[in-house]
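Written out below as structure tokens is the structure these notes cover.
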Amino acid sequence: MRKLSLFVTLYVFWLVLSGQFHNTFLMVVGAVCCAGVTAFSARMGIVDEEGHPIEWLARFVPYAAWLLWQILLSNIDVARRVWMPGSNISPRMVEVPYSTKTDVGTVTYANSITLTPGTVTVSVGEETLLVHALTEESAAALETGEMLERVLKLEGAS
């Protein structure tokens, strides 16, 4: 199932980037190339639950919507603080504990923090992430654990 999912993902990505929807020859060549990449990936043993976590797809859609909303809110907050005189900008480094079960979950959590304006994941430790936060509020928001809880749900933990 993962091989089929990888092939479909690669082929849709190829179609979108190439824009070749009317040239049958190029569509067939694209399909053959995607099948070749899928076969090589399977032979290398990288078509696994970590490299292609298709079981996360249904849980990823609501997480992505929530993350996009958080990115928008953080963009507004950072822009307001930068452009308004006297805004409270107080950079700080904070250690944020995490309890993800998989490497994919840890990477998703760290990247989600970095994607949210005003915070950057600097390093990943065994049990904590070192995060640079632009404000005290952004640091406090991470310490509440809402993002971690959503990543844990994304992983499949209840």
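Leu129 CG to Thr119 OG1: the interatomic distance, rounded to the nearest 0.5 Å, is 11.0 Å. Rounding to the nearest 0.5 Å gives a distance of 7.0 Å between OG of Ser41 and CG of Leu10. In this structure, the separation between CG on Leu6 and CG on Leu4 is 9.5 Å, given to the nearest 0.5 Å. One distance of note links OG of Ser99 with CG of Leu148; it measures 4.5 Å at 0.5 Å rounding. Note that CD of Glu136 and CG of Asn88 are 7.0 Å apart. Values are rounded to the nearest 0.5 Å. With values rounded to the nearest 0.5 angstrom, Ser5 atom OG is found 8.0 Å from Leu57 atom CG.
Looking at Ser138, its side chain does come within 3.5 Å of a backbone N or O of Thr135 through a donor-acceptor pair. No side-chain donor-acceptor contact under 3.5 Å links Thr114 to the backbone of Val120.
Side-chain contact between Tyr109 and Thr121: absent, with no pair of heavy atoms (C-beta onward) separated by less than 4.5 Å. Inter-residue side-chain proximity for Thr128 and Val96 is flagged as unmet; no heavy-atom pair is nearer than 4.5 Å.
Side-chain heavy-atom separations under 4.5 angstrom define the hydrophobic clusters, and the remaining members of the one that includes Phe13 are Leu17. Taking a 4.5 Å side-chain heavy-atom cut-off between Ile, Leu, Val, Met, Phe, Trp and Tyr, the cluster of Trp69 extends to Leu72, Leu73, Ile76.
Taking a 6.0 Å sphere around CZ of Phe60, one finds it holds 12 or fewer heavy atoms contributed by other residues, nucleotides or ligands. Open room surrounds CZ on Arg43; 12 or fewer heavy atoms of other groups in view lie less than 6.0 Å from it.
For the residue pair Pro97 and Glu95, the shortest heavy atom distance occurs at CD-O, 3.8 Å. In plain terms, the two heavy atoms of Asn75 and Pro117 that are nearest each other are OD1-CG, 3.4 Å. For Trp56 against Gly105, the heavy-atom pair with the smallest separation is CH2-N, 3.6 Å. Closest non-hydrogen pair, Ala139 versus Val94, comes out as CB-CG1, 3.8 Å.
Thr106 and Thr100 are linked by a side-chain donor-acceptor pair at a separation below 3.5 angstrom, with hydrogens and angles left out of the test. Ser112 and Tyr63 are linked by a side-chain donor-acceptor pair at a separation below 3.5 angstrom, with hydrogens and angles left out of the test. Between the side chains of Arg92 and Ser90, at least one donor-acceptor pair of N or O atoms lies under 3.5 Å.
Scored by the ring-ring contact (aromatic ring centres under 6.0 Å, His included) test, Tyr98 finds no partners at all (sequence neighbours excluded). For Glu146, the salt bridge (Lys or Arg N to Asp or Glu O under 4.0 Å) criterion is met by Arg150, not counting sequence neighbours. For Arg81, the salt bridge (Lys or Arg N to Asp or Glu O under 4.0 Å) test picks out Asp77, Glu137, with sequence neighbours left out.
Neither Ile71 nor Val107 shares a network with the other; the hydrophobic side chains, linked directly or stepwise wherever heavy atoms of I, L, V, M, F, W or Y lie under 4.5 Å apart, form separate groups for each.
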| field | Full working for side chain to side chain contact (heavy atoms under 4.5 Å, CB included) between Phe7 and Val37 | value | CA-CA 8 Å; Phe7 170 76; Val37 169; over 6 Å; no
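Partner Val78 forms a side chain to side chain contact (heavy atoms under 4.5 Å, CB included) with one of Thr116, Leu134, Ile89 and no other, that one being Leu134.
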Show me the donor-acceptor pairs within less than 3.5 Å that the side chains of residues 20-27 make with the rest of the protein, sequence neighbours left out.
unit_1: Asn23; atom_1: OD1; unit_2: Phe25; atom_2: N; d: 3.2
unit_1: Asn23; atom_1: OD1; unit_2: Leu26; atom_2: N; d: 3.3

